[in-house]
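Taking it in order: structure first as structure tokens, then the write-up.
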Amino acid sequence: MEGQAVKAGFDFLGIYGFFDGLMPESLDWLAFLVAGFILAFAIINALVVSTAVYTWFERRALGKFQSRLGPNRWGPFGLLQPIADVVKFMSKEDTVPDGADRQVFTLAPIVFVATGFLVFALIPLGSNDWLSRLNIGLVFIIAVTSVNTLAIFMAGWSSRNKYAMFGAMRGVAMLISYEVPMALAIAAVALASQSLSTYTVVTNQEVPFMLVMPLAFFIFVAAASAEMSRTPFDLIESESELGSGYHTEYSGMKFALFQLAEFMAPIIVSCIVATLFLSGWRGWGPIPGQVWFILKALVVLCALLWFRATWPRLRVDQIMEFAWKGLFPLSLLNLFAVATEIQLLRDPVTGALTDSDMWAMAAINWAITGIVFLAVSRMFARKQLQRPLPKPSPLANMGAEAE
Amino acid sequence: MYGAGMAKGLLVTMKNFVKPDRMFTVQYPDRKVSPTELAKMSGVGVFTFMRKNPKTAFKAMTGQMTVPARLKQHPRFRGEEFTWYEQRCTGCASCAKYCPLGIIRIVTSPSGEQVQEGQKYHLDVFDIDIGRCMFCGLCVEACPYDALHMGSGFEEGKYRRKDLVVTVDRLKSQPKHPSTWFRPQIQGKEGYHPHGEKDVTWQEAGRHEQPSRKHQEEKWAKR
Ligand code: SF4
Ligand code: SF4
């Protein structure tokens, strides 16, 4: 935090300044610790509470999208439903299956939830609202979000249940595949903002990157919705085949933790998208940056919800094909295009990109995106699914041979 | 264009979202109402309604007012409780004989009030164990005097099996809402509604009037 004048104000830096003022110079580290703990506490609680509200919102909106009602009995408009859910979860028996690996079984939901909280430390909510301004923030985000793959595998493996194991294996395969295009999309962001820190990504984002590189935005949203394993990509827990996937054996509070992490994922993803592609807290007019940030995140959240409500689940092979044959080449192409444009457009001495450079990049990238989408669509249209001819059964002609 | 179907799907769900009348859900036993709907029910404008009963309007706005609601029911629905008319029943026990499960128990005694001995019996016991009934309706088809009808109710959940037995007292006292299944004559009756306020009387329920006592005496006693 050195080098920054601590402005008084109701933001994270302001809170730090308040504690700093209370203590003598030599106890700076204590002020830092106290402020950090308070802020972390506030963030985690805000996240959990908003997740609870979001579960209600998601179920209501999902119901509306699918022309049914959603929870509506308990409290006005069913608003108290999350409370009822939590009470139910807490009063349920916490079972551990026979022959399960107890420690891993217990650890899995905790790891799963903790990764979500960790990511949130790096998201700047406003120009002075951040817990950490890590200079390798983007790498950290990629690394931490891949830990939940491990948690899923732990859960599936430790519960000693075939279906949980199937779900976990599918999950691992899918999550690892989708991490590649996601990382490449983030790499394009890092190139254009010339930084790996989430904070600098926002400060350098004069033009929202969603406009500058729509292809990267599309790839990131697709890969991220696969990362949080929601409906078009929810084969990890497909009820029709696998019970409920890796958390088949979980009950009570452990299951509640999985649910919490699962419903927290869209919130986190929309915050990341708002930071990386929608220029974070930056906005116009007298409206404070935090409000802008929350608005942008909400818009992304609603869009993700809309996708979830609409598209049916993909099959395993289709999902893998989409990742490796669809998103992966596209993300490579995007990275290549962005890198070339930057190399050509940037100031040869300082290496900085001006606003007009950004707009030029946007124009080129929109053209590329349009062409690529048309081409991909035609390509898929040409190899329309053709039914394989029915193979004659080896038993079909047995009678004829015998004669 | 390949992939346009995805956009189409998005449009469909968006239409569902913005148009409330595309809702499929039928709520039971009650549903939440909006102040607009409440005002329409009481036949005044929304604002008049809000001014007159602000408490109710506020409750409705926060989604806490409910009105009873149920699905429209077909009159030929074969419901759980049976409707039985003592006046029409002669105690012939055809229903008990025809029931494939043998779950109707009938005990009769001479009624003594009839013109001719044996014309009509008094029903001491008429137990129908609807816990085992399959609602085939054969008992209703068998009844020659249109005394037994299927009912139109369905809220018959009980805690004990023995509470599921419909006794003669219950048959006598419960409101008469016969189903029109196998009894098309009821459907033509004016004002008939499977859950209406009005009971269907024993005269209305049958195909023909019961002969008057005078007629009976002329026919049987004076011969
Ligand atoms: S409806 Fe029930 S009581 Fe009547 S004949 Fe069928 S099984 Fe027996
Ligand atoms: S209900 Fe009908 S069939 Fe049954 S005893 Fe009475 S008259 Fe006979």
Side-chain angles (χ1 to χ4, degrees), chain A residues 56-81 218 221-222 225 231-233 302-314 318 321-322 326-327 330 369-386, chain B residues 1-42 46-47 49-50 53-73 154-155 157:
Chain A
W56 168 81
F57 173 72
E58 165 151 340
R59 289 163 70 184
R60 282 294 283 197
L62 215 56
K64 281 226 144 193
F65 275 126
Q66 300 170 347
S67 51
R68 51 190 175 81
L69 276 170
N72 63 335
R73 303 301 305 179
W74 175 221
F77 309 110
L79 249 178
L80 301 181
Q81 187 67 35
F218 163 75
V221 170
S225 52
T231 284
F233 305 99
C302 293
L304 288 176
L305 185 52
W306 187 16
F307 298 156
R308 186 205 162 157
T310 307
W311 294 329
R313 181 187 301 144
L314 293 171
Q318 289 167 337
E321 202 175 292
F322 184 59
L327 290 185
L330 283 190
T369 310
I371 292 169
V372 161
F373 269 47
L374 275 178
V376 168
S377 143
R378 297 202 61 151
M379 211 170 73
F380 272 105
R382 196 161 298 160
K383 66 171 219 91
Q384 276 275 7
L385 289 177
Q386 278 171 350
Chain B
M1 185 179 160
Y2 195 83
M6 288 168 75
K8 259 187 222 159
L10 284 175
L11 267 184
V12 169
T13 41
M14 189 36 95
K15 260 189 221 152
N16 285 344
F17 190 76
V18 285
K19 285 192 188 161
D21 58 322
R22 293 173 72 124
M23 196 80 77
F24 275 110
T25 316
V26 179
Q27 298 183 66
Y28 170 85
D30 52 20
R31 66 189 171 87
K32 310 251 161 148
V33 279
S34 66
T36 340
E37 231 181 319
L38 270 180
K40 212 183 258 173
M41 269 177 218
S42 52
V46 189
F47 295 108
F49 181 80
M50 281 189 184
N53 5 0
K55 224 173 168 181
T56 327
F58 177 75
K59 269 183 123 182
M61 260 191 278
T62 50
Q64 298 176 60
M65 280 304 289
T66 52
V67 291
R70 61 165 71 214
L71 201 59
K72 209 167 157 244
Q73 185 178 321
F154 49 88
E155 291 151 319

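Chain naming here is simple, since letters A, B, ... match the order of the sequence lines and numbering starts at 1 in each. Every heavy atom of this structure was used, including side-chain atoms; hydrogens, water molecules and symmetry mates were not.
- For chain B, the nearby parts of Trp306(A) are the backbone and the side chain; heavy atoms of each come within less than 4.5 Å.
- The line from CZ of Phe17(B) to CG of Leu305(A) is 8.0 Å long, rounded to the nearest 0.5 Å.
- Partners of Arg313(A) under the salt bridge (Lys or Arg N to Asp or Glu O under 4.0 Å) rule, at least two apart in sequence or in another chain, are Asp234(A), Glu239(A).
- Heavy atoms closer than 4.5 Å to chain A are found nowhere in Asp21(B), neither backbone nor side chain.
- Side-chain contact between Asn16(B) and Gln66(A): absent, with no pair of heavy atoms (C-beta onward) separated by less than 4.5 Å.
- Summarising the geometry, atom CZ belonging to Arg31(B) is positioned 12.0 Å from atom CG belonging to Asn72(A); distances are rounded to the nearest 0.5 Å.
- The number of heavy-atom neighbours closer than 6.0 Å to CZ of Phe58(B), taken from other residues, nucleotides and ligands shown, is 12 or below.
- With values rounded to the nearest 0.5 angstrom, Leu69(A) atom CG is found 4.5 Å from Met23(B) atom CE.
- Heavy-atom contacts from other residues, nucleotides or ligands closer than 6.0 Å to CH2 of Trp311(A) number more than 12.
- Taking chain A as the reference chain and counting heavy-atom pairs below 4.5 Å, the highest number among Lys19(B), Gln27(B), Lys59(B), Met6(B) is found for Met6(B).
- Annotation: maximal heavy-atom pairing with chain A below 4.5 Å, among Thr25(B), Thr62(B), Thr13(B), occurs at Thr13(B).
- Lys32(B) and Arg73(A) make their closest contact through NZ-O, 3.4 Å (heavy atoms, listed as atom of the first residue, atom of the second, distance).
- Formation of a donor-acceptor pair under 3.5 Å by the Lys64(A) side chain with backbone atoms of Val18(B) is not found in this model.
- Note that CZ of Arg22(B) and CZ of Phe65(A) are 12.5 Å apart. Values are rounded to the nearest 0.5 Å.
- Enclosure of atom OH in Tyr28(B) by more than 12 non-hydrogen atoms of other residues, nucleotides or ligands within 6.0 angstrom is indicated.
- Contacts between Met61(B) and chain A at a heavy-atom distance below 4.5 Å involve the backbone alone (N, CA, C, O).
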